[in-house]
*Asks:* 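I'd like to ask you about the structure that follows.
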Protein chains: 2
Amino acid sequence: MSAEAATGEAWEDITPDAARRLVVAAVQAFAERGYHATTTRDIAGRAGMSPAALYIHYKTKEELLYQISRVGHQRSLAMLGEARDGGGTAADRLATAVRAFVRWHAEHHTTGRVVQYELGALAPDHYAEIVVLRRQSEDAIRTIIADGVAAGEFDVPEVSGTTLAVLSLCIDVARWFNPAGRRTPDEVGALYADLVLRMVGPGQR
Amino acid sequence: MSAEAATGEAWEDITPDAARRLVVAAVQAFAERGYHATTTRDIAGRAGMSPAALYIHYKTKEELLYQISRVGHQRSLAMLGEARDGGGTAADRLATAVRAFVRWHAEHHTTGRVVQYELGALAPDHYAEIVVLRRQSEDAIRTIIADGVAAGEFDVPEVSGTTLAVLSLCIDVARWFNPAGRRTPDEVGALYADLVLRMVGPGQR
DNA sequence: GCAGGCCCTAAGCGCTTGCTCACCCGCCAG
DNA sequence: CTGGCGGGTGAGCAAGCGCTTAGGGCCTGC
C-alpha cells in the first residue's frame, strides 16, 4: 500500500486514470522482473484490465518504458540542475544534490531501477533522446565539483572521474535499496552526502 | 578481438572446448542485451553451432547463467577474501580490495554486468546459493573497515552504510565502464581506491 | 430516445521462444 | 572391416509472446 502509493505519487499528473494505472503497473512489473521478462498481459492485469486495453492508451510496450524513462530522467535532471543553480558554497550545493538524488532513488527505487537499468530496451531514437538528458545530469554534478575546485574548496585527483564516482554512488542506491530495510531514504541521503563530501577533499566537516 | 580474448580469459578451465565457447558467447550476449532478451539461437550462433547443440552441454539456458554467475561470484569473493587476510594496515588492505575489485569489474565488464545485474533471472535455489556468496563478499569489506575503525585508522559515521557505499562504487563500474573510453582498468582502480580511502577517514594521504 | 464517441473486452493471428527428437558423421577398439 | 559412442545437425513442437480486430456497453448532447 505505502510502496504502491509512493510509486504512484510521481505519476499523478497523467490522465486519464486508466493510462496512469498502466504506468504505475508497468513501473512495478519492470522493476521486479525487468522489461523483457514483463508481459503486456501482466501489466494490464496489474492495472485491472484486459490485455487489449493497454493498446488504447499506448501504441507499444516500449512506449510505456519510454514514458517512464523520460519522466524519470527529467525529474532527476531538474533536481540536479536546481542544486547546481542554488545558493551556498560548492560543498552545500554538492551535498544538496547528492541528498536529493539519493533520497529520490531510495524512495522511488522501483522507478529508479527502471530508469537506470532498462535503458537498453529503448528504441534507438528514444535511447538517443534519453542519453542527452543523462549527459546533462552528469554535467550538473561536474559543474558543481569544478566550481568547488576553482574556489579552492575541493581537492580532487580528477574532476571527471570523481563525477562518475559520485553518480555511481547515487544511482546504485536504486539497485540495493529495500524499503523493509533498516535505513530510511532520508538517512541514506544524509549518509551519502557526508561520504561524498569526504571524497572531494579536506576539511569539509 | 582483445575484448573477446579478455572475456574468454576467465573461462579457460572449462572443458570441452564447445562448452567453453558457449559460456563465452552467453556472457557476451547476456551483457549486451540482458538474459531475457537473449535467445538460445543467438548464443549457439555466436559459439558457431546449431541451436540444438547447446543442450548437449547445458540442460537449460538458466544453467548457463548460473554457471557464469557462480564462477564470477566465487572469483570476486576470492579477491576480497585475499585482501582481507593480507598484510599491512587496514588502509592498505582496503585499497588492495577496492583496486582489485574495480579492476576486475572494468577488465571483465561484460562478465561483471551479468554477475551483478542478471541475478534476478536465476532459479530460486540457484539465487539462494549466490546470495550466500554475496553476503560473504560484503562481510569481507565490512571486516576490513571495522578493523580500521578498531585500530583508530578510520573514522566513519557508520560501518555498515559505508560498506554498502564502497561496494556500490565498485559494482557500478561494470555498468558504465567502456573499454573504448579514456580510462584503463588500472587507472580506474587506482582512482577509486584513492576515493574510498578519503571516504573512510582522515589523513590517509 | 437515440446517435455517436469513448473505453473496454473476447478471441485470436502470426511469430518467436525454449527445448526435443530422430538421425548422422568421424573416430577408435577388437 | 565393423560396431559403438560422443558430439553434432535439421526439422519441428507446444507454449507464450506482442499486438489486432470485431464488437459491445455506457455516458452525453440534442
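What you are looking at is a predicted structure, and each value in this text was computed from that prediction instead of being measured. Proteins get letters first, then strands, A, B, ... in listed order; numbering begins at 1 in each. Keep in mind that the numbers below use all heavy atoms, side chains included, and drop hydrogens, waters and symmetry copies.
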*Asks:* To the side chain of Y55(A), which of dC19(D), dG18(C), dG7(D) is closest?
*Replies:*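 Between dC19(D), dG18(C), dG7(D), the one nearest the side chain of Y55(A) would be dC19(D).
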
*Asks:* Applying ring pair (Phe, Tyr, Trp, His ring centres under 6.0 Å), which residue pairs with at least one partner in residues 110-134 of chain B are found, sequence neighbours left out?
*Replies:*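 As it turns out, the ring pair (Phe, Tyr, Trp, His ring centres under 6.0 Å) pairs with a partner in residues 110-134 of chain B, which skip direct neighbours, are Y117(A)-Y117(B), Y66(B)-H126(B).
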
*Asks:* Go through the side-chain N and O atoms of E118(B) and H36(B) and say whether any donor and acceptor fall under 3.5 Å apart.
*Replies:*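 Distance-only check fails for E118(B) and H36(B).
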
*Asks:* Which label fits H108(B) and W104(B): parallel for a plane angle under 30°, tilted from 30 to 60°, or perpendicular past 60°?
*Replies:*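 Taking W104(B) first and then H108(B), their aromatic rings sit tilted (interplane angle of 30° to 60°).
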
*Asks:* Can you tell me how far the CG atom of L22(A) sits from the NZ atom of K61(A), to the nearest 0.5 Å?
*Replies:*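 Those atoms lie 13.5 Å apart.
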
*Asks:* By a strict heavy-atom criterion of less than 4.0 Å, which residues belonging to residues 29-49 of chain B are in contact with DNA chain D?
*Replies:*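 When residues 29-49 of chain B is checked for heavy atoms under 4.0 Å from DNA chain D, the hits, listed by number, are R41(B), M49(B).
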
*Asks:* Under 3.5 Å, is there a donor-acceptor pair between the R134(A) and Q116(A) side chains?
*Replies:*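 Yes, because at least one side-chain N or O of R134(A) sits under 3.5 Å from a partner of the opposite role on Q116(A).
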
*Asks:* Hey, which of these two, A52(B) or P16(B), hits DNA chain D nearer its 5' end, going by closest nucleotide?
*Replies:*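 On the 5' side of the pair lies P16(B).
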
*Asks:* To the nearest Å, how far apart are I56(B) CD1 and dG7(D) P?
*Replies:*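 Roughly 8 Å, once rounded to whole Å.
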
*Asks:* Does the side chain of H57(B) get closer than 4.0 angstrom to OP1 or OP2 of dG6(D) through an N or O atom?
*Replies:*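 Answer is no, no contact under 4.0 Å.
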
*Asks:* Does E32(B) pair with R46(B) as a salt bridge, N-O distance under 4.0 Å?
*Replies:*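 The answer is yes: the pair qualifies as a salt bridge.
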
*Asks:* Are E158(A) and R183(B) ion-paired here, with the side-chain N under 4.0 Å from a carboxylate O?
*Replies:*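 Looking at R183(B) together with E158(A), the answer is yes, because their closest N to O distance falls below 4.0 Å.
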
*Asks:* Please work out which residues in residues 58-69 of chain A have a non-hydrogen atom less than 4.0 Å from an atom of DNA chain D and list them by number.
*Replies:*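 Within this stretch, T60(A), K61(A) sit under 4.0 Å of the strand.
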
*Asks:* Between V115(A), L64(A), I68(A), which is the residue that forms a side chain to side chain contact (heavy atoms under 4.5 Å, CB included) with V27(A)?
*Replies:*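 Filter result, single survivor: I68(A).
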
